[in-house]
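First the structure, in the form of structure tokens, and then the observations on it.
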Amino acid sequence: MAYRWTNDLSREDATPERAFLNRRQIMAAAAAAAGLGAIGGPRGARAATGELDPNEWDEITTYNNYYEFGTGKSDPAQYADALTTSPWSVTIDGLVDRPGEYSFDDIMSKMTTEERIYRFRCVEAWSMVIPWNGFELADLLDMVGVKSSAKYVAFETALRPDEMRGVSFPVLDWPYVEGLRLDEAMHPLTIIATGIYGRDIPNQNGAPLRLVVPWKYGFKSIKSIVRISLVEDQPPTSWNKANAREYGFYSNVNPEVDHPRWSQATERPIGGGIFAGRKETLMFNGYGDDVAALYEGMDLNKYY
Ligand SMILES: Nc1nc2c(c(=O)[nH]1)N[C@H]1C(S)=C(S)[C@@H](COP(=O)(O)O)O[C@H]1N2
Ligand SMILES: [Mo]
């Protein structure tokens, strides 16, 4: 791809030097300990340019939202190991030329994965920078052939009461479901993530494959997907079903449209220690140059 997603974080986003160097040393040590020299190499080279500052592995994998395993931030890291992620398959159906149940291995044999370092902004107003590995959702949809009548894509997370201790609580209407307009789904920024820092994506982050839509609030990025359906009508989505006034279908990151109960103008970066104050939230989470055209002419106050 001609896109350079990984290089668009400016100097002002960088963590102060001391914490930054310390982080690099920690990562280098972790990579060496895990025998993952490849992580330290390219990451170190980019980090040296000061253009990006991904969160640490421990931050990304211990501070999570995955309500199927509990509503606490540390619940997913503690309990998501119970999820059986191999074998895994994804049913792709609806308005496609080649519907079917595709095994994870089959999908991975046909997709090319690459690293995408993206900002990640939760609707709760915290944020991270995450070095995902994954492939473009468009490539998967091209593989199955999208019919011209399809207008939206619906996604569904696994529902396994025996493995997911959180689904016995009616926090949400299980299974977790999400959706995108077809042009959003086909956008080259939209990926299916299968890894973080070059390792398999951990269960708490949505193993074995989860959606990542970096210009939308985090809850759109549905985890542990078992079904992808091409449909004609806008599909129901979990948080919108739970509270339509607070969570819309689009959920584009927008500092000018506040959540009814809190401001979305700023965010709290996770990590960075005592130097890291709140920072201003960027329109479309900083991806406006790439995605604003998708919403031309739409009233973003109405379609929040
Ligand atoms: N199935 C499922 N997907 C989910 C969630 C969830 O509870 N269940 N939480 C969402 C929310 S609110 C956020 S912020 C992100 C968190 O992703 P992370 O834990 O990898 O940072 O996952 C999203 N995807
Ligand atoms: Mo979130």
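Counting starts at 1 for both ligands and their atoms, following the listed order.
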Where does the angle between the aromatic ring planes of Phe69 and Tyr66 fall among parallel (under 30°), tilted (30 to 60°) and perpendicular (over 60°)?
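Geometry flag for Tyr66 against Phe69: perpendicular rings.
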Side-chain donor or acceptor of Asp200 paired with backbone N/O of Gly195 under 3.5 Å
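No; judged by distance alone, with no hydrogens or angles, the pair does not exist.
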Aromatic ring proximity, centroids under 6.0 angstrom, Trp239 and Tyr247
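Distance test on ring centres: under 6.0 Å, yes.
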Taking the six-membered ring for Trp and the full ring for Phe, Tyr or His, determine whether the centres of Trp126 and Tyr63 are under 6.0 Å apart.
yes
Purely on distance, is any nitrogen or oxygen of [X] under 3.5 Å from one on ligand 1?
X	answer
Lys223	yes
Asn65	yes
Trp132	no

Which bit of [X] is near ligand 1, meaning a heavy atom under 4.0 Å away: side chain, backbone, both or neither?
X	value
Tyr67	both
Tyr217	neither
Glu124	neither
Glu178	neither
Thr157	side chain

Consider only side-chain N and O atoms of Gln234 and Arg181, and report whether a donor and an acceptor are under 3.5 Å apart.
no
Under 3.5 Å, is there a donor on one side chain and an acceptor on the other for Trp215 and Tyr295?
yes
So the atoms of ligand 1 within less than 4.0 Å of a heavy atom of Ser221 turn out to be 22 (O), 23 (C), 24 (N)
Any atoms of ligand 1 less than 4.0 Å from a non-hydrogen atom of Cys122? List them with their elements.
14 (S)
Among Ile222, Leu159, Val167, exactly one meets side-chain contact (heavy atoms from CB on, under 4.5 Å) together with Tyr176. Which residue is that?
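Exactly one option meets the side-chain contact (heavy atoms from CB on, under 4.5 Å) with Tyr176, and it is Ile222.
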How many angstroms lie between atom OH of Tyr118 and atom CD1 of Ile130, to the nearest 0.5 angstrom?
12.0 Å
Shortest protein contact, [atom] (heavy atom only):
atom	answer
atom 21 (O) of ligand 1	Phe120 CE2, 3.8 Å
atom 6 (C) of ligand 1	Tyr176 CE1, 3.3 Å
atom 8 (N) of ligand 1	Glu68 OE1, 2.8 Å

Residue pair Glu114 / Asn133, side-chain heavy-atom distance below 4.5 Å
no
